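Before any comments, here is the structure.
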Amino acid sequence: IKKIGVLTSGGDAPGMNAAVRAVVRTALSKGVDVYGVWDGYLGLHQNRIEQLARHDVSDLINRGGTFLGSARFPEFKEESVRREAIENMRQHGMEALVVIGGDGSYMGAKRLTEMGFPCIGLPGTIDNDVAGTDFTIGFHTALNTVLDAIDRLRDTCSSHHRIAIVEIMGRYCGDLTIMASIGSGAEFTIVPEKGFDEESLIQTVADDVTAGKKHSIIAITEHVTDVSALAKRIEARTGLETRATILGHIQRGGVPCAFDRVLASQMGSYAVELLSQGVGGRCVGIQSNKLVHHDIVDAIENMPRPFKQDLYDLTSLLA
Ligand code: ATP
């Protein structure tokens with residue numbers, strides 16, 4: 001293999017830059033040219049593709065976001081659009097593509113692979129919702145950001161005898177909420193995988209207040225319920241001031257933590273190793289502390305993401 005491409009897609013995640021850097025530098029060390037694609041599948045379709053030199057990825061390992069840019073480009077679901085994208089890549093002489101993104105981005109990579117253009121997927125998302133890996137690039141940085149935010153909320157909750165509801169990202173995956181909850185000592189943990197019984201939550205919070213508890217933190221994943229409305233209902237039942245804080249996009253940005261930089265570097269380098277061995281159509285993961293790769297189609301279609309029941313149980317045991 002002589003020429004490969006790399007793009008970042010979907011929501012940005014801290015560590016994506018470190019992954020691109022690792023792809024570029026590993027490839028160059030093997031005499032393989034690397035082409036960077038701007039703004040994900042959108043730029044791939046618009047043929048915004050440029051060769052990357054070693055220094056193009058200098059000074060990036062510590063930067064959040066993705067210097068290549070990312071985009072939502074639903075049109076990539078159309079086969080004709082993907083065919084044009086493949087044509088663009090072939091014009092540049094590219095033989096394979098490394099896609100760094102979440103499960104939506106993996107779908108694009110799967111489709112390209114099925115159309116005869118081999119892709120390798122790297123899991124880049126703060127949500128930790130990608131099959132075939134224990135952790136995604138960006139998850140641990142986001143976890144630290146959430147912990148920092150909850151620590152601050154705890155200070156004001158305990159000073160003012162308030163209840164705080166913290167809405168945490170993760171789409172339909174509770175990992176960020178569960179681990180932030182353990183790390184911050186939140187009292188209640190509500191995640192999409194477990195369903196949501198509002199009445200039972202409010203009753204328990206109210207019982208705690210009756211028993212003398214003066215402040216509480218409720219960690220809840222996005223999309224489960226309207227947290228502002230929930231805050232009003234809890235306040236009405238408990239008499240304690242209750243505020244909802246939606247952390248939002250502050251969770252996506254920031255300097256990547258050590259774990260994400262190292263993980264991204266390992267995964268980026270591994271992707272190029274696989275391609276140089278002629279292996280394509282795979283997605284890279286880390287499982288039980290070992291780099292692994294799986295068939296990208298199989299990962300998307302058949303690989304369940306086991307719920308972290310042990311960690312979930314710990315949230316209530318220690319609350
Ligand atoms: P995150 O989980 O962080 O938001 P993601 O990669 O899941 O990241 P999506 O917006 O779902 O984010 O997907 C990114 C892009 O991948 C889409 O904008 C689209 O271009 C492409 N894509 C998604 N689904 C498909 C599909 N079924 N076929 C082809 N391309 C797809």
Side-chain angles (χ1 to χ4, degrees), residues 5-17 19-20 37-49 64-66 68-86 88-89 97-133 135-143 145-146 168-177 192 221-223 247-254 256 260 263-264 267 271 281 283-285 296-301 303 305:
V6 59
L7 63 76
T8 52
S9 168
D12 64 304
M16 280 182 161
N17 285 326
V20 175
V37 181
W38 302 104
D39 298 331
Y41 294 125
L42 175 68
L44 194 64
H45 183 244
Q46 294 173 338
N47 205 11
R48 290 191 282 117
I49 300 172
T66 160
L68 280 177
S70 186
R72 308 272 179 198
F73 182 53
E75 292 82 351
F76 208 67
K77 290 178 184 160
E78 291 163 32
E79 193 176 336
S80 58
V81 171
R82 292 196 301 274
R83 201 170 298 120
E84 284 163 16
I86 291 176
N88 292 339
M89 290 193 278
L97 179 69
V98 178
V99 171
I100 307 165
D103 49 0
S105 307
Y106 271 27
M107 278 304 289
K110 162 179 138 69
R111 298 258 184 265
L112 289 175
T113 303
E114 285 166 349
M115 291 167 75
F117 199 92
C119 294
I120 299 252
L122 299 189
T125 167
I126 67 161
D127 299 333
N128 214 38
D129 60 351
V130 179
T133 190
F135 295 114
T136 56
I137 296 165
F139 172 73
H140 279 87
T141 304
L143 178 57
T145 305
V146 175
I168 298 167
M169 281 180 132
R171 288 221 281 192
Y172 303 101
C173 173
D175 287 13
L176 198 51
T177 305
T221 312
E222 62 181 337
H223 305 309
L247 297 180
H249 278 171
I250 61 161
Q251 297 162 93
R252 286 242 295 255
D260 281 330
L263 182 67
M267 287 182 164
C283 54
V284 169
I296 198 164
V297 179
D298 192 41
I300 288 173
E301 286 173 2
M303 244 174 238
R305 288 201 73 267

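Since the model is a prediction, treat every value here as computed from it, not as a measurement. Counting convention: from 1, in listed order, for ligands and their atoms alike. Along the sequence shown, residues carry numbers from 1.
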**Asked** Are the side chain of Gln251 and the backbone of Gly248 linked by a donor-acceptor contact shorter than 3.5 Å?
**Response** yes
**Prompt:** Under 3.5 Å, side chain of Tyr41 to main-chain N/O of Gly10, donor-acceptor pair present?
**Reply:** no
**Message:** In terms of relative ring orientation, are Phe76 and Phe73 parallel, tilted or perpendicular, with 30° and 60° separating the classes?
**Reply:** tilted
**Prompt:** Mind checking whether Arg171 has an N or O less than 3.5 Å away from an N or O of ligand 1?
**Reply:** yes
**Asked** For the ring pair His223 and Tyr172, is the centre-to-centre distance below 6.0 Å?
**Response** yes
**Request:** Pick one of side chain, backbone, both or neither for how Phe76 approaches ligand 1, counting any non-hydrogen atom pair under 4.0 Å.
**Result:** both
**Item:** Met107, any N or O under 3.5 Å of ligand 1 N or O
**Value:** no
**Message:** Closer than 4.0 Å to some heavy atom of Phe73 - which atoms of ligand 1 meet that?
**Reply:** 17 (C), 18 (O), 19 (C), 20 (O)
**Asked** Where is the nearest protein heavy atom to atom 28 (N) of ligand 1: which residue, which atom, and how far?
**Response** Lys77 CG, 3.6 Å
**Complete:** What one should report as the nearest heavy-atom pair of Ile126 and Arg252 is CD1-CG, 3.8 Å
**Item:** Shortest reach to atom 4 (O) of ligand 1 by a heavy atom, considering only Arg111, Met169, Arg72, His45
**Value:** Arg72
**Prompt:** Can you list the ligand 1 atoms lying under 4.0 Å from a non-hydrogen atom of Thr125?
**Reply:** 2 (O), 3 (O)
**Prompt:** Does a donor on one side chain and an acceptor on the other come within less than 3.5 Å for Thr8 and Ser70?
**Reply:** no
**Message:** Donor-acceptor check, side chain of Thr221 to backbone of Gly174, threshold 3.5 angstrom: yes or no?
**Reply:** no
**Message:** What I want to check is whether the side chains of Thr66 and Asp12 have a donor and an acceptor closer together than 3.5 Å.
**Reply:** no
**Request:** Could you tell me whether some N/O pair between Asp103 and ligand 1 is separated by less than 3.5 angstrom?
**Result:** yes
**Asked** Which atoms of ligand 1 sit under 4.0 Å from any heavy atom of Gly11?
**Response** 1 (P), 3 (O), 4 (O), 8 (O)
**Message:** Please check whether Gly101 reaches ligand 1 - meaning an N/O of the residue sits under 3.5 Å from an N/O of the ligand, judged on distance alone.
**Reply:** no
**Item:** Residue list, side-chain hydrogen bond (donor to acceptor under 3.5 Å, both in side chains) with Asn17, at least two apart or on another chain
**Value:** none
**Complete:** ligand 1 atoms nearer than 4.0 angstrom to some heavy atom of Gly102 are 5 (P), 6 (O), 7 (O), 8 (O)
**Message:** Tell me the protein heavy atom at minimum distance from atom 30 (N) of ligand 1, and give that distance in Å.
**Reply:** Gly108 CA, 3.4 Å
**Asked** Quick one: nearest non-hydrogen protein atom to atom 6 (O) of ligand 1, plus distance?
**Response** Ser105 OG, 2.4 Å
**Message:** Using modelled atom types and a 3.5 Å cut-off, is there a donor and acceptor pairing between side-chain atoms of Asp39 and backbone atoms of Ala71?
**Reply:** no
**Asked** What atoms in ligand 1 come closer than 4.0 Å to a heavy atom of Asp127?
**Response** 2 (O)
**Request:** Number the atoms of ligand 1 from 1 as they appear, then name those within less than 4.0 Å of a heavy atom of Ser9, with their elements.
**Result:** 14 (C), 15 (C), 16 (O)
**Request:** Answer yes or no: does an N/O atom from Gly104 fall short of 3.5 Å to an N/O atom of ligand 1?
**Result:** yes
